[in-house]
Amino acid sequence: MRSKLIQRADLMKLASIEGLLDRRKLPILRIKTEILKTMTNRLLERGFYWILPIMLAKATDPLWPDPGASIEKRVEIEVYGVRVKATQSMIFQKRVLVSLGPEKFFIFSPNIRIERRDRAFTGRHLYEFTQLEVEIAYAKMDDVFKVYEDLIIESIKAVKEKCGEELKILGRGELRIPKTPFKVFKRRELEEEYGEDWELKLSRDLNDPAWVIDIPREFYDYEDEETGMWRNFDLILPEGYGEVISGGEREYEYEKMLRKIERDGLRRENYESILNLAKRGLLKPSAGAGLGVERFVGYVCGVRHVAEVQPFPRIPGIVSEL
Ligand code: ASN
């Protein structure tokens, strides 16, 4: 499905009210409901707190440096005389909360990321989407792998069991239930095999989702300064659907975070809360991640464009009335 080229006219239709009349829309929304229900229930059964999201704050995820980032504009407004940013991810709120509040929780967190307009045609980008964010105190990468592997397997099982008719309408009757544990690849080895754009090439070669570890990016992910290895990861879906989860173990030491903030050319005054906590020894080590809800549902449904899973599509460059 993914191999067909997406035309601008298709995207315009998808983004308009006509998109809601498409016969695939209702089955997709039914499957999305089943996935959200299954994931929420699994996390609640495991004792995770359910936290609701925030949308405006002085600090948000810089999304920098990140090899995958392509933000055309950052949304900032003034409220009560203070400049605030629209949430790009709740990473800093997650780090503070996991240190001072519940030690494991999840959030369905809406993110606004104004992607470059040429990203409309990747089939994988949106300018508003939702992450299923998780953060766990004192956890390691493996603990986070297990949480998301369970959510993925159980929700695919539930969809196959309860939404057989919908999968048939979508031509997705053959959807595989992946085997666990998922394979783990090292980013450096993938670069040798596939070159810089390993993400999509690997994705096309996979039959089941697979983890990729050690990806240089934002300062908050843990970096082993001796080996230069990053204790972070992405989960790559098969069939060209690409990355669906990003996460990692986190930095928690004051001096090291300061060094990395400077190295990345970021303004330290944007990160005072988390730096202060670290300085006082109150920032707990943790690990966590976020799953792109629309991307995952899109994979299960076999969509051509991830916006098909949104009732009100947010396709880069196309702004509709609703
Ligand atoms: N949600 C991601 C994480 O937990 C961060 C991101 O979206 N950039 O690591």
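Note that this is a predicted model, so its numbers are computed, not measured. Residue numbers start at 1 and run along the sequence shown. Atom set for the values below is all heavy atoms of this structure, side chains included, hydrogens, waters and symmetry mates excluded. Atoms within a ligand are numbered from 1 in the order they appear, just like the ligands themselves.
- Taking only nitrogen or oxygen atoms, main chain and side chain alike, E218 does not reach within less than 3.5 Å of ligand 1.
- Nearest to atom 2 (C) of ligand 1 among the protein's heavy atoms is S246 O, 3.6 Å.
- Counting atoms of ligand 1 from 1 in the listed order, those under 4.0 Å from a heavy atom of S89 are 5 (C), 6 (C), 7 (O).
- In terms of protein heavy atoms, atom 6 (C) of ligand 1 is closest to D61 OD2, 3.5 Å.
- Taking the centre and axis of the six-membered ring of Y220, the NZ or CZ atom of K94 falls outside the cone set by 45° and 6.0 Å.
- The closest approach between R250 and ligand 1 falls below 4.0 Å for a heavy atom of the residue.
- Within the listing of ligand 1, atoms 1 (N), 4 (O) sit less than 4.0 angstrom from a heavy atom of E133.
- For the ligand labelled ligand 1, residue L63 lies inside the 4.0 Å heavy-atom shell.
- When ring centroids are compared, F105 and W50 stay outside the 6.0 Å threshold.
- Taking every non-hydrogen atom of G247 and a distance limit under 4.0 Å, the qualifying atoms of ligand 1 come out as 9 (O).
- For an aromatic pair to be called close, the ring centres must be under 6.0 Å apart, and F145 with W211 satisfies this.
- Contact detail for A59 and N270: the closest heavy-atom pair is CB-O, 3.2 Å.
- Comment: K146 does not engage D142 in a salt bridge, judged by the lack of any side-chain N to carboxylate O separation of less than 4.0 angstrom.
- Side-chain heavy atoms closer than 4.5 Å link hydrophobic residues (I, L, V, M, F, W, Y) into clusters, and following such links, possibly through other members, connects L151 to L237.
- Proximity to G290 (heavy-atom distance under 4.0 Å) selects the following atoms of ligand 1: 1 (N), 4 (O).
- Residue contacts with ligand 1 include R113, since one or more of its heavy atoms lies under 4.0 Å from the ligand.
- Side-chain atoms of D143 and Y138 form no donor-acceptor pair, as typed in the model, at a separation below 3.5 Å.
- For K279, the NZ atom is loosely surrounded, since the number of other residues' heavy atoms within 6.0 Å does not exceed 12.
- Assignment of K94 to the shell around ligand 1 is supported, since a heavy atom sits closer than 4.0 Å.
- Protein heavy atom in closest approach to atom 7 (O) of ligand 1: Q131 NE2, 2.8 Å.
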